[in-house]
Structures are given as C-alpha cells and as structure tokens.
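So the structure is just underneath, and the comments pick up after that.
Note that ligands are numbered from 1 as they come in the structure, with each ligand's atoms numbered from 1 the same way.
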Amino acid sequence: MSILVTGGAGFIGSHTCVELLNAGYDPIILDNLCNSKSESVKRIKEITGKDVKFYECDIRDRAGLDKIFAENKIDAVIHFAGLKAVGESCAKPLEYYDNNIGGSVILCEAMAAAGCKKIVFSSSATVYGSENISPLKEDMPEGKTTNPYGTTKLYIERILKDVCASDSEWSVCLLRYFNPIGAHKSGRIGEDPNGIPNNLVPYITQVAIGKLSHLNVNGNDYPTPDGTGVRDYIHVVDLALGHLKAVEKVLGENGCFTYNLGTGNGYSVLEVVKAFEKACDKPIKYVIAPRRPGDIATCYSDPSKAKAELGWEAVRGIDEMCEDSWRWQSQNPNGYGD
Ligand code: NAD
Ligand code: WQD
C-alpha cells in the first residue's frame, strides 16, 4: 500500500514513515523543507534499511501534486504538512491561513482528481479551546481558538467534514494530538526546532545541553497541584503508531472519524523537569516567570475512543519520553545540522 505523507520530513512525519516502513507500507514523502531538512529522510532510510521516495514539493503546488499522483498509485494520504508555531501565527496570520488551509484545500482537490479519497489529518487538542474541562472527549463542542494556528486546525477539520458529507467515497480521520515529545530509540531522528524553541521539552533539552542558560517556567499560580501548567505528553513513536491504525481505518471504512491521541495522563511543568533531570542525570536550572498569554492551566485527553475503535493506546511513559528526547539531543547537539 502506498501512502503519501505530506510533511514527512518533519518531526512527527519522519517517525510515522519509520513505522509505516516497518509495517510493510510504502510511504512517499512530500515536503517543501520549510521547517525540516532532507537529512531526516536519509535517516529514515538508515533506520529501516528501506528506500523511500521523496518529493520536494509544496502542498499548494497543484501541478506538482498532480505529477506525484500520476507517477504513483497512492492509496491514502497522511497530511502532516503545515506551519505550527503559535506565536508566529499571531504575527503572520495570512501565511498560516494560506499555507495550512489553502494548502489543505489544494491537496484535497488533487486527491479527488486522482480518485484518492482517504486522508488522515494532523489536528490538535487546541480545537477544544479553553472552555472544555479535561479530560477532553471527542464529543465535546469545539472551543474558541486563541490563535490563528489553532483556527487553521479547526477550519481544516470543518472543511474535511464537509468534503466527507458531500461525497460518500471519502474517508477522513481527524487525529487530535496532545503534546508529542520523545524521539526514535536509535537517537537518529527527533525534533529539530529552528531558533529558540517555543515548546517545553525542546527548550529543556537545550538547557540540558548548555545552549540555553535556564528554563522559564511560565507561571506557578495555576489551579494545579504544584501551580504549573499540566499537559498530556505523548511519545512520538506511540503517536506514529496511532497513524498506522488511522490509515487502516480510512482504508477499511468510509466516513469521518475523530480521535484524541494522548495518554490520558497530565504532567506539570515541574514534573517534566524532574523526569528530565533523571533522564539526563543533571539538574535543569529554572526560574519562575509570568504566565504565557493564551495558556490554559490543564489539558489532557480521554483517549478511550481511540482504544475502543482503533485498538490503539499509548504505552510509553514520561520517563521513556524524556530518555529518548535526551538521547536524540545529546547525540545530535545541532539537530540535523546545516
Ligand atoms: P514539523 O514542522 O516538524 O513538520 C511539518 C512539516 O511540514 C515540515 O517538514 C515542513 O517543512 C512541512 N511543510 C510545512 N508547510 C508545507 C507546505 N506548504 N508544503 C509542503 N510541506 C510543508 O511539525 P510536526 O511537529 O511534525 O507537526 C506535524 C503536524 O502535526 C503539523 O500539521 C502540526 O500542526 C500538527 N501538530 C503538531 C503538534 C506538535 O506539538 N508537534 C501538535 C498537534 C498537531
Ligand atoms: C507546555 C507547558 C507552558 C515552554 C503547544 C501548542 C499546541 C500544540 C502543542 C500544535 C505549558 C509550559 C513551555 C517554556 C514553560 N501544538 N512552558 N516554559 O502550549 O501545551 O501546546 O504545542 O498543535 O497547539 O499550543 O505546549 O510545550 O509550549 O507548553 O513553562 O519555555 O509548558 O506554559 O504549561 P502547549 P508547550
């Protein structure tokens, strides 16, 4: 089975390609490399010992997409490609709407024209907004998004639901990720953020390696056990394996399906710091800083629907997530390099 993986050179996409190859699928990577490097594709081949086709292409390039569909018999698409920095999306909303929403529309048009109507989409827990109370369940109402990035995920979900409602040949799986961290056990692929990381674990790994002096803990006065924000961190390999189940779902059944991919467990910022200290065997310096605008106190999933319907559940715990993140960072201090 050939699976087109948009954004397959990126963090979650590269791990998913490894698991697809291990399971006997034939992933075809499409990426414009705006937030990744082709070195990750080389390493996917190195880890699996298998070849993988790579197209440097933008999802907004309709002619480029048509060529890929003409050259390959694609059975389904896993659609990771998108811009994902919350702060940047507030500064450059039009870029986010064009890339994420415009790109998804063009991708679906090319898919329909090629007769490939099965798609798994990278959505986010951000679509629940701040009003819903954790544990978050798929049947809760969508929340008010607090930034253009989140709004793109909400709108793409709606667009894909409408596409599905308009044509019974479509099958769509919306996967709402919680907080993906960790890396492949080999230490050869992982998250490689540009510049100063926005997210907690990439920031901590750079403190541990000595690139950043200390972590700013964004607020310790939230209504949580230790006052710091609580999130549902999920190992990227568990997340990748969830995509294999989602691909099976869209290949086997038409319709629109929505699943949380999380562990169901919440960890505070200070608990993550502690777990990371254990993994890297050194103290992580931190200072308590003001709250980050737009943050919520607590966000974790109810993952039971994915378990019941996909037969998937996350099995890797916070210690393993931190050990694997640290192995990747310590073995690749400059990520994939220049
Ligand atoms: P990433 O930036 O590592 O991967 C995204 C990939 O898409 C990159 O390789 C980038 O070069 C590519 N890309 C972006 N725009 C493109 C375009 N127009 N055409 C072709 N390629 C393009 O990010 P990630 O963490 O692997 O996230 C993958 C997906 O999952 C994204 O859609 C993201 O919004 C979503 N998601 C991520 C998280 C997270 O915390 N990492 C959480 C929820 C959802
Ligand atoms: C986690 C916790 C911070 C950095 C974001 C996006 C979300 C989704 C996943 C894509 C919070 C605290 C962080 C730091 C800190 N992405 N923190 N110091 O905000 O839950 O989710 O990534 O869809 O849409 O918003 O993740 O890792 O940024 O923060 O104290 O330097 O760590 O305040 O409590 P978040 P995060």
Compare [options] and give the one whose heavy atom is closest to [atom].
| atom | options | value |
| --- | --- | --- |
| atom 22 (C) of ligand 1 | N32, N179, L83 | N32 |
| atom 36 (P) of ligand 2 | V273, V230, N199 | N199 |
| atom 34 (O) of ligand 2 | S122, P202, G229, G150 | G229 |
| atom 3 (O) of ligand 1 | F11, Y233, F121 | F11 |

Option from [options] for which side chain to side chain contact (heavy atoms under 4.5 Å, CB included) with [X] holds:
| X | options | answer |
| --- | --- | --- |
| Y149 | C90, P93, S89 | S89 |
| S171 | V250, L251, I119 | V250 |
| L200 | V272, T205, V273 | V272 |

Does some non-hydrogen atom of [X] fall short of 4.0 Å from ligand 1?
| X | value |
| --- | --- |
| S123 | yes |
| R176 | no |
| T6 | no |
| C57 | yes |

Residue, atom name and distance, where the atom is the protein heavy atom closest to [atom]:
| atom | answer |
| --- | --- |
| atom 27 (O) of ligand 1 | I12 CD1, 3.7 Å |
| atom 12 (C) of ligand 2 | V269 CG2, 3.6 Å |
| atom 19 (N) of ligand 1 | I59 N, 3.0 Å |
| atom 11 (O) of ligand 1 | D31 OD1, 2.7 Å |
| atom 27 (O) of ligand 2 | L200 N, 2.8 Å |
| atom 29 (O) of ligand 2 | R292 NH2, 3.4 Å |
| atom 23 (O) of ligand 2 | Y149 OH, 2.5 Å |
| atom 4 (O) of ligand 1 | G10 CA, 3.6 Å |
| atom 17 (N) of ligand 2 | N218 ND2, 3.2 Å |
| atom 20 (O) of ligand 2 | R231 NE, 2.5 Å |
| atom 18 (N) of ligand 1 | N99 OD1, 2.8 Å |
| atom 25 (O) of ligand 2 | V86 CG2, 3.5 Å |
| atom 31 (C) of ligand 1 | F80 O, 3.1 Å |
| atom 8 (C) of ligand 2 | S124 OG, 4.1 Å |
| atom 25 (O) of ligand 1 | K84 NZ, 2.8 Å |
| atom 34 (O) of ligand 1 | Y149 OH, 2.7 Å |

Report yes or no: is the cationic atom of [X] (NZ for Lys, CZ for Arg) under 6.0 Å from the centre of the six-membered ring of [Y], at an angle within 45° of the ring normal?
| X | Y | result |
| --- | --- | --- |
| R231 | Y300 | no |
| K249 | F257 | yes |
| K305 | Y259 | yes |

Relative to the ring of [Y], is the ring of [X] parallel (under 30°), tilted (30 to 60°) or perpendicular (over 60°)?
| X | Y | value |
| --- | --- | --- |
| H15 | F11 | perpendicular |
| Y155 | Y97 | parallel |
| Y177 | F80 | tilted |

For [X], take its heavy atoms, then give the atoms of ligand 2 lying under 4.0 Å from any of them.
| X | answer |
| --- | --- |
| N216 | 14 (C), 15 (C), 18 (N), 30 (O), 31 (O) |
| T126 | 24 (O) |
| V217 | 30 (O) |
| N198 | 4 (C), 28 (O) |

Could you check whether any side-chain heavy atom of [X] comes within less than 4.5 Å of a side-chain heavy atom of [Y], counting everything from C-beta outward?
| X | Y | result |
| --- | --- | --- |
| L30 | L65 | yes |
| Y286 | L270 | yes |
| E95 | D98 | no |
| L175 | V120 | yes |

Using a strict 4.0 Å cut-off to heavy atoms of [X], name the atoms of ligand 1 that fall inside it.
| X | value |
| --- | --- |
| C34 | 10 (C), 11 (O), 13 (N), 14 (C), 15 (N) |
| S36 | 8 (C), 9 (O), 11 (O) |
| S122 | 29 (C), 30 (O), 32 (O), 35 (C) |

Looking only at heavy atoms, which two atoms of T263 and A314 are closest? And how far apart?
-> CG2-CB, 3.8 Å
Report the residue from T126, N100, T145 that forms a side chain to side chain donor-acceptor pair (under 3.5 Å) with T151.
-> T145
According to a 4.5 Å side-chain heavy-atom criterion applied to Ile, Leu, Val, Met, Phe, Trp and Tyr, with indirect links allowed, do [X] and [Y] form part of one hydrophobic cluster?
| X | Y | answer |
| --- | --- | --- |
| L4 | V172 | yes |
| L244 | M1 | yes |
| I196 | L215 | yes |

Could you tell me if any non-hydrogen atom of K84 lies under 4.0 Å from any atom of ligand 2?
-> no
Residue-ligand contact Y233/ligand 2, heavy atom below 4.0 Å = yes
After noting the C-alpha distance and the side-chain angles of D226 and S268, does the key distance pass the side chain to side chain donor-acceptor pair (under 3.5 Å) rule?
-> CA-CA 7 Å; D226 66 16; S268 73; 2.6 Å; yes
Does ligand 2 have a heavy atom under 4.0 Å from the side chain of L215, from its backbone, from both, or from neither?
-> side chain
Where does K153 meet ligand 1, judged by heavy-atom distances below 4.0 Å: at the side chain, the backbone, both, or neither?
-> side chain
Using a 4.0 Å heavy-atom cut-off, say whether L33 meets ligand 1 through its side chain, its backbone, both or neither.
-> backbone
Examine F121 together with H243 and report whether their ring centres are nearer than 6.0 Å.
-> no
